[in-house]
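Heads up, the thing below is written out as structure tokens.
Order of listing sets the numbers, starting from 1, for every ligand and every atom in it. Count residues from 1 along the sequence.
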Amino acid sequence: MTGAPSPDRRRLLTAGAAVLGAAASAQLWLPSAARAAETPLPDGVFGLGIASGDPLPDGIVLWTRLAPDPLNGGGMPDEIVPVEWEIAEDERLRKVVRRGTAHARPEYGHSVHVDVRGLRPDRSYWYRFRAGGRISPTGRTRTAPHPHAKGGTLRVALASCQNWQHGYFTPYADMLAQDPDVVLFVGDYIYESTPSSAGPRRHEGTGEPYTLVQYRNRYAQYRSDPDLAAMHANAPWVVTFDDHEVDNDWAGEVPQDPAKQSHDAFVARLAAAFQAYYEHMPVRATAIPDGPHIQMYRRLEFGRLARLNVLDTRQFRSDQVTSQAAAEDPSLTMLGAEQKQWLLDGLHDSPARWNLIASQIMMAETDILPGDGKLWYYDAWDGYQVERTALLDEFASVRNPVVLSGDRHLTMISDLKKDFADPSADVVGAEFVGTSISSNGDQDQAAFHAQWDPLKADNPHWKVIDAHRGYHLFDIRRDGIDARVRVVDTVVGPQAAASTLATLRVETDEPGVQVV
Ligand SMILES: [Fe+2]
């Protein structure tokens, strides 16, 4: 949102990271008659950390959840607890610009979502919470640019797929050093899988989560990763879920294995999963679930530079097909009629130079049958051929559409074509599939290339494919997007070395992506 990060921002970043867990001696800021009567809370009540999200030009959501016993339901008394908050223009919290008291309610797992307004655009803020005599770490966040702002640089980090059991979330340590303005997380924040001793870390609990308390415990375990916690504490996040926040490959109200989960049981599971998701994410009250439904698709504006359309490709989709012919059924939908119209309206009416689309799952074609004929993955956009082709056809009249995806546990960077069935079809956009933070662990790179490189001839729109763990980083400016694939050498341990695997460029008003 600004030019190259100033020395000032760098200095503050370092200080902000160091503040984590070291705020106990900070001054109290809000003398209150009620304070004398409050129930003291134990040390560690802020152990799940703090976060911020969904930046507006004048606002931000601040999040925390009181949970002194995080892996056992939270450990809070069954009562409403007042939580004071404050947000300041400086790291030492001397220039406080807004403060107030929120209520952590037992029915929301004692989570707190403060929707602060009245802030200034395109600048850093610092915030903290206080409850029961305890003070949270100090977090740093950032507002979106002024609605009329056309210039500057917006630095976005794209992340997805963090399987606790497959590795440590080491890419976040490098992401923190890169100081993004906003982190975009496109799904698989938790995995619902059963605990296993096969990997470097083991899931809590005894099986897959089904109940609200079980999902809460799973989120709490994930939040204990120190690199994830630090990244949440130092930049706003924009999040959406994919399948593993609920159940592998679910679609609408259909679970992965309908023979094992009844419809009623799965609807109850959806409600529990969405409730826990809301409780742990820095999202607005518009995302408070209504039973087995949650409103997650939404738009965020970054001045006139970029519009971000965050999709929900799970709740409204048709169930996955199981054959090539079935994937071409025109009645299949990925987005549902309402969301599809909302997306098209938002693309065609956009005042922004760049129209970003956060799609949990890959949009470009993946043909995994070498030679003649095609074979697709039916859970991705390939399984919804007619709707995908219609959407790409619309891209031809949208300014600079760029799709940001996850799910595949690979880096796959592609040109988007009007029709993948037609080799001469026009390029209409670009897609970045942002590998995974830890899912699939440290892959054998030679084995990956031996398997996948022969498929390049069948998929000429692919520009980069790779199997390292990491994330993608974008510097978005008026004249183009400079993208870097940042990878780590390992997720097997808590420390890793990071490097740039590939550098790419998307030129404004020139559809497609080029390797630099
Ligand atoms: Fe995943």
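- Asp379 and Arg314 are joined by a salt bridge, as a carboxylate oxygen and a charged side-chain nitrogen come within less than 4.0 angstrom of each other.
- Between Trp237 and Tyr189, the ring planes lie perpendicular to each other; the angle is over 60°, past the 30° to 60° tilted range.
- Not one N, O or S atom of His244 sits under 2.8 Å from the Fe ion (ligand 1).
- Within Asp188, the N, O or S atom at minimum distance from the Fe ion (ligand 1) carries the name OD2.
- For Tyr191, the nearest N, O or S atom to the Fe ion (ligand 1) falls under 2.8 Å.
- The ring of His293 has its center no closer than 6.0 angstrom to the ring center of Phe274.
- A salt bridge is absent between Arg469 and Asp442: the closest approach of a Lys/Arg side-chain nitrogen to an acidic carboxylate oxygen does not fall below 4.0 angstrom.
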